[in-house]
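See below for the structure under consideration.
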Amino acid sequence: MPATEAASWIVAVCAQKGGVGKSTLAMALAAATADSAGRALVVDVDPQATTVDEVEKFADPGFDVAHELDPARLSKLAQLRRYDLILVDTPGSLEGHDVLKEVIENSHFALLPFVNESPSRTPTQRTAELVAAAGVPHAAVINRVDPRSGGEAVLKARGELEQRGVPYFRSFVREYAGYPASLDAGKTVYQWRAKYAANMREDISRVNAELQRTLGRIANGSV
Ligand SMILES: Nc1ncnc2c1ncn2[C@@H]1O[C@H](COP(=O)(O)OP(=O)(O)OP(=O)(O)O)[C@@H](O)[C@H]1O
Ligand SMILES: [Mg+2]
């Protein structure tokens, strides 16, 4: 989908693997946008609407959430021009395959959360191939990096992605108990005040900056 056709950026957050951080990343990037006075919408295309339920428990998320079962309506949402960033949170199950394809076809960019564990590698490669076949620019975001591993875990994860020809962001997300804990407390990552909260925000802000830079390049046709 050409970027010029829509007023809001649509970013699909996808992985044909459950539990790798799709919802976490979608909510955190929406919170990052809100933190800098941007308008963000998380669209949940999961029939179970898990993310909608979570965000509705937040005291004051600062971003909107919508349940949308028809991904073809995404571009209409974008044309409303109400948002700077629309993040589409997709289900990880294979039954969601057709939905995923439709979401991708309606997106400007796809972010693929990647946990460097054996069961995640092939699904990530498969998802990247699906996105590439639709002609949509994309990148993996390495998630759940052990903060104590130094740089080694990141280098290993990058190596696995390179081997599989999957492009990736340089920024990555470390593993902190604050992700599930902030959710339980009804707070976004940017509202969370506990040990390591600043580290969480640092990671998400770096991913957001890299995403914004990439979208800028897409807008001027250099991607
Ligand atoms: N960087 C992280 N550090 C710690 N916990 C994390 C991190 N990323 C995700 N998690 C946790 O892992 C679990 C799964 O994450 P999440 O729900 O975002 O995955 P998902 O890909 O959306 O899963 P599904 O496919 O089921 O929708 C959640 O409990 C979440 O809090
Ligand atoms: Mg999810």
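Every number for a ligand or one of its atoms is a count from 1 in the order of the listing.
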(message) Please determine whether side-chain hydrogen bond (donor to acceptor under 3.5 Å, both in side chains) holds for the pair Ser205 and Tyr190, giving the CA-CA distance in whole Å, both sets of side-chain angles, and the decisive distance to 0.1 Å.
(response) CA-CA 10 Å; Ser205 295; Tyr190 285 78; 2.7 Å; yes

(message) Quick check on contacts: which atoms of ligand 1 are under 4.0 angstrom from a heavy atom of Arg174?
(response) 1 (N), 2 (C), 3 (N)

(request) Go through ligand 1 atom by atom and flag the ones less than 4.0 Å from a non-hydrogen atom of Val173. (result) 1 (N)

(message) Given Pro180, Pro91, Ala181, identify the one with the heavy atom nearest to atom 31 (O) of ligand 1.
(response) Pro180

(request) Give the residue and atom name of whichever protein heavy atom lies nearest to atom 26 (O) of ligand 1, and the separation in Å to one decimal. (result) Gly19 N, 3.8 Å

(request) Look at the rings of Tyr196 and Tyr176 and say which category their plane angle falls in: under 30° parallel, 30 to 60° tilted, over 60° perpendicular. (result) parallel

(request) Determine, considering heavy atoms only, which of Arg144, Gln16, Lys17, Met200 sits nearest to atom 11 (C) of ligand 1. (result) Arg144

(request) State whether the number of non-hydrogen atoms from other residues, nucleotides or ligands found under 6.0 Å of Gln48 atom CD is greater than 12. (result) no

(request) Could you tell me whether some N/O pair between Thr90 and ligand 1 is separated by less than 3.5 angstrom? (result) no

(request) Check each of Asn143, Leu183, Val189 against atom 8 (N) of ligand 1 and report the one with the nearest heavy atom. (result) Asn143

(message) Could you identify the single nearest non-hydrogen protein atom to atom 2 (C) of ligand 1 and state the distance to 0.1 Å?
(response) Tyr179 CD1, 3.5 Å

(message) For Phe169 and Phe109, take the angle between the two ring planes, folded into 0 to 90°, and tell me which bin it lands in: parallel under 30, tilted 30 to 60, perpendicular over 60.
(response) parallel

(request) Indicate yes or no: does Glu202 engage Arg206 in a salt bridge with an N to O separation below 4.0 Å. (result) no

(request) Identify the protein heavy atom lying closest to atom 19 (O) of ligand 1, giving its residue, its atom name and the separation to 0.1 Å. (result) Gly21 N, 3.0 Å

(request) Look at Glu54 together with Lys57 and state whether they make a salt bridge at an N to O cut-off of under 4.0 Å. (result) yes

(request) Using a 4.5 Å cut-off on heavy atoms from C-beta on, say whether the side chain of Leu130 contacts that of Lys101. (result) yes

(message) When you measure from the Mg ion (ligand 2) to the N, O or S atoms of Thr50, does any of those distances fall below 2.8 Å?
(response) no

(message) So that I can tick it off, tell me whether Arg82 and Asp64 are bridged by a salt bridge, with the cut-off set at under 4.0 angstrom between side-chain N and carboxylate O.
(response) yes

(message) Could you identify the single nearest non-hydrogen protein atom to atom 25 (O) of ligand 1 and state the distance to 0.1 Å?
(response) Lys22 NZ, 2.8 Å

(message) Heavy atoms only: which of Thr24, Asp146, Ile142 lies closest to atom 16 (P) of ligand 1?
(response) Thr24

(message) Looking at Asp89 and Lys22, is any side-chain nitrogen of the basic one under 4.0 Å from a carboxylate oxygen of the acidic one?
(response) no

(request) Check ligand 1 against Gly92 and write out every atom of the ligand that is under 4.0 Å from a heavy-atom position of the residue. (result) 25 (O)

(request) Establish, from distance only, whether the side-chain atoms of Asn116 and Arg121 form a donor-acceptor pair under 3.5 Å. (result) yes

(message) Quick test: of every protein heavy atom, which one is nearest to atom 17 (O) of ligand 1, and how far off is it to 0.1 Å?
(response) Ser23 CB, 4.1 Å

(message) I need the atoms of ligand 1 closer than 4.0 Å to a non-hydrogen atom of Tyr176, numbered in the order shown.
(response) 3 (N), 4 (C), 5 (N)

(message) Is there a polar contact, in the sense of an N or O pair closer than 3.5 Å, between Val20 and ligand 1?
(response) yes

